[in-house]
Amino acid sequence: SMGARGLMQVMPAVQRDMGINNVHDPRENILAGTRMLRVLANRYDGDLVLTIAGYHAGMGSLARYGNTVPPYEHTRLYLRMVLDRYYDYKAKHEATLAAGR
């Protein structure tokens, strides 16, 4: 509902900033999304929580709340979902590596 498009749900401003011509081209869309994640990770010194929150809510929203996770319920739910999946994947990957030793 906010205008995000494509696989990485790229916002129009990010599309412009990243120089993407066709946001519906999977390659261009993924490149824009991953570049944006890099920009956010650099801005927030690698803080995974702020990087994910910034991707979802935008840097402006984080700035309005003192560069913290904004109190938006949807952003907090998204953040929890992404982190749960990330840590689940990470644990499974580490278990696989440990089993192979």
Contacts table for residues 32-43: side-chain donor-acceptor under 3.5 angstrom, sequence neighbours left out:
residue	atom	partner	partner atom	Å
T34	OG1	I30	O	2.9
T34	OG1	L31	O	3.2
R35	NH1	M18	O	3.1
R38	NH1	N42	OD1	2.9

I would like to know whether Y44 and V49 meet side-chain contact (heavy atoms from CB on, under 4.5 Å); could you show each step before the answer?
-> CA-CA 9 Å; Y44 300 117; V49 171; over 6 Å; no
Side-chain heavy atoms of L83 within contact of L48, under 4.5 Å | yes
If you look only at pairs with a residue in residues 14-26, which of them pass as a side chain to side chain donor-acceptor pair (under 3.5 Å), with sequence neighbours excluded?
-> R5-Q15
Residue pair L7 / N29: nearest heavy atoms and the distance that separates them | N-OD1, 3.3 Å
Can I get a per-line list of side-chain donor-acceptor pairs under 3.5 Å for residues 65-81, giving both atom names and the distance, sequence neighbours left out?
residue	atom	partner	partner atom	Å
T68	OG1	Y65	O	2.5
H74	ND1	H56	NE2	3.3
T75	OG1	H56	ND1	2.9
R76	NE	P70	O	3.1
R76	NH2	V69	O	3.3

Worked check of side-chain contact (heavy atoms from CB on, under 4.5 Å) between L50 and L62 = CA-CA 8 Å; L50 293 180; L62 272 68; 4.0 Å; yes
To the nearest 0.5 angstrom, please state how far the CE atom of M59 sits from the OG1 atom of T51.
-> 10.5 Å
Sequence neighbours excluded and cut-off under 3.5 Å, please list the side-chain donor-acceptor pairs for residues 84-94, or say none.
residue	atom	partner	partner atom	Å
D88	OD2	K92	NZ	3.2

